[in-house]
Amino acid sequence: KQDGWPGLLVGDMSQPCGGPMLTGHNSHQIGLDADIWLTPMPARELTRQEREDMSAISTLAPGHLAVDPKIWTPQHAAIIKRAAGYGDVERVLVHPAIKKALCETTPQGPDRGWLAKVRPVWGHFYHFHVRLGCPKGMVGCQPQPPVPTDDGCGKELDEWYQRLTAPPQPPGPPQP
């Protein structure tokens, strides 16, 4: 609430003891992953049925190359920054257009370190994905490689935009 965000709506969350998820999220298997919607919580408590039927809202403008200025707010950026600022968080995954908006609106200077944890990836335009680090002593947990030391707003983001704007490739020959 101190960031002006009315509350979190959690999409898929990891199962604490692992196991397959109904939605097929392979990365949500060991209790360290959660999807947080970029849709602000309504100002009232939702009924069980409303929670089941509610859909998250895309934050992208038509064309999917930028955030929609009618939807995207400074509070969206603040909640992602807060998530990335926690020491236990290894990664925050967002759509490349969201990463670009964060890069463009975060002032240059020493307070950009959190941007390194925010990584662009397909599909994360209505939610952001939080990946926690392995708890000490958790058997079988493989920590993620360290994030790069830069803020991720340069070459990597440019490469994502090359992929986003590349003409579609013709289908290859049918596979036998």
Side-chain angles (χ1 to χ4, degrees), residues 1-42 45-46 48 50-60 64 67 71-73 75-103 106 112-153 156-157 159-161 163-164:
K1 290 188 180 218
Q2 57 197 348
D3 294 322
W5 197 256
L8 299 178
L9 295 171
V10 178
D12 289 334
M13 188 186 279
S14 297
Q15 299 183 72
C17 296
M21 294 190 68
L22 295 174
T23 56
H25 270 113
N26 290 333
S27 65
H28 288 243
Q29 298 292 305
I30 61 169
L32 300 175
D33 298 272
D35 290 338
I36 311 296
W37 283 12
L38 290 165
T39 303
M41 182 180 286
E45 188 172 330
L46 298 170
R48 181 183 188 112
E50 287 173 318
R51 288 192 308 271
E52 292 298 322
D53 295 342
M54 186 177 184
S55 294
I57 298 169
S58 172
T59 58
L60 300 184
H64 299 267
V67 295
I71 296 170
W72 184 260
T73 66
Q75 290 77 23
H76 285 93
I79 197 70
I80 293 171
K81 179 181 179 182
R82 179 167 299 280
Y86 289 113
D88 292 344
V89 171
E90 282 191 345
R91 300 278 191 289
V92 175
L93 306 179
V94 299
H95 187 277
I98 294 173
K99 173 71 177 193
K100 184 176 185 208
L102 295 170
C103 291
T106 302
R112 289 177 67 90
W114 63 274
L115 283 168
K117 287 186 184 180
V118 180
R119 313 306 299 170
V121 70
W122 302 113
H124 292 75
F125 51 85
Y126 65 90
H127 73 280
F128 61 96
H129 177 114
V130 175
R131 172 63 188 243
L132 300 176
C134 294
K136 288 187 180 196
M138 185 175 185
V139 177
C141 188
Q142 297 290 323
Q144 303 249 324
V147 293
T149 56
D150 69 344
D151 60 15
C153 295
E156 180 184 12
L157 191 55
E159 289 170 353
W160 272 101
Y161 269 81
R163 284 181 235 149
L164 287 171

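Predicted model, so just to flag it, every value in this text is computed and none were measured. Values below: all heavy atoms of this structure, side chains included; hydrogens, waters and symmetry mates excluded.
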inquiry  = The test is side chain to side chain contact (heavy atoms under 4.5 Å, CB included); show your working for V67 and I98 and say whether it passes.
reply    = CA-CA 6 Å; V67 295; I98 294 173; 3.9 Å; yes

Give the minimum heavy-atom separation between [X] and [Y], together with the two atoms involved.
X: A97; Y: Y161; answer: CA-OH, 3.0 Å
X: H76; Y: L38; answer: NE2-O, 2.9 Å
X: L115; Y: C153; answer: CD1-SG, 4.0 Å
X: L102; Y: W114; answer: CD2-CH2, 4.1 Å
X: A84; Y: V118; answer: CB-CG2, 4.0 Å
X: C134; Y: P143; answer: SG-N, 3.6 Å

query = Please, which pairs that meet side-chain hydrogen bond (donor to acceptor under 3.5 Å, both in side chains) have at least one residue in residues 78-90, sequence neighbours excluded?
reply =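 Of all non-adjacent pairs touching residues 78-90, those that pass side-chain hydrogen bond (donor to acceptor under 3.5 Å, both in side chains) are D3-R82, K81-D111.
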
task = Please test I57 against I71 for side chain to side chain contact (heavy atoms under 4.5 Å, CB included), starting from the C-alpha separation and ending with a verdict.
result = CA-CA 9 Å; I57 298 169; I71 296 170; 4.2 Å; yes

inquiry  = Under 4.0 Å between a side-chain nitrogen and a carboxylate oxygen: does that hold for K99 and E156?
reply    =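 Salt bridge between K99 and E156, a charged N being under 4.0 Å from a carboxylate O: no.
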
To the nearest 0.5 Å, how far apart are [atom1] in [X] and [atom2] in [Y]?
X: H127; Y: D35; atom1: NE2; atom2: CG; result: 3.5 Å
X: W72; Y: F125; atom1: CH2; atom2: CZ; result: 13.5 Å
X: R119; Y: Q144; atom1: CZ; atom2: CD; result: 10.5 Å

ask   = Side chains of H124 and H129: closer than 4.5 Å at any heavy-atom pair?
value =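 In contact.
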
inquiry  = For H64 and H95, take the angle between the two ring planes, folded into 0 to 90°, and tell me which bin it lands in: parallel under 30, tilted 30 to 60, perpendicular over 60.
reply    =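 Geometry flag for H95 against H64: tilted rings.
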
inquiry  = side chain to side chain contact (heavy atoms under 4.5 Å, CB included) for V130 and D33? Distances and angles first, verdict last.
reply    = CA-CA 6 Å; V130 175; D33 298 272; over 6 Å; no

key: Verdict with reasoning, R112 to C103, per side chain to side chain contact (heavy atoms under 4.5 Å, CB included)   = CA-CA 9 Å; R112 289 177 67 90; C103 291; 4.3 Å; yes

Mind checking what makes side-chain contact (heavy atoms from CB on, under 4.5 Å) contact with [X], not counting sequence neighbours?
X: A116; value: V147
X: R51; value: L46, R48
X: P135; value: L32, M138
X: L8; value: W5, I36, I79

Counterpart residues, salt bridge (Lys or Arg N to Asp or Glu O under 4.0 Å), relative to K100 (two or more places apart) =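 For K100 the salt bridge (Lys or Arg N to Asp or Glu O under 4.0 Å) partners, ignoring immediate neighbours, are E104.
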
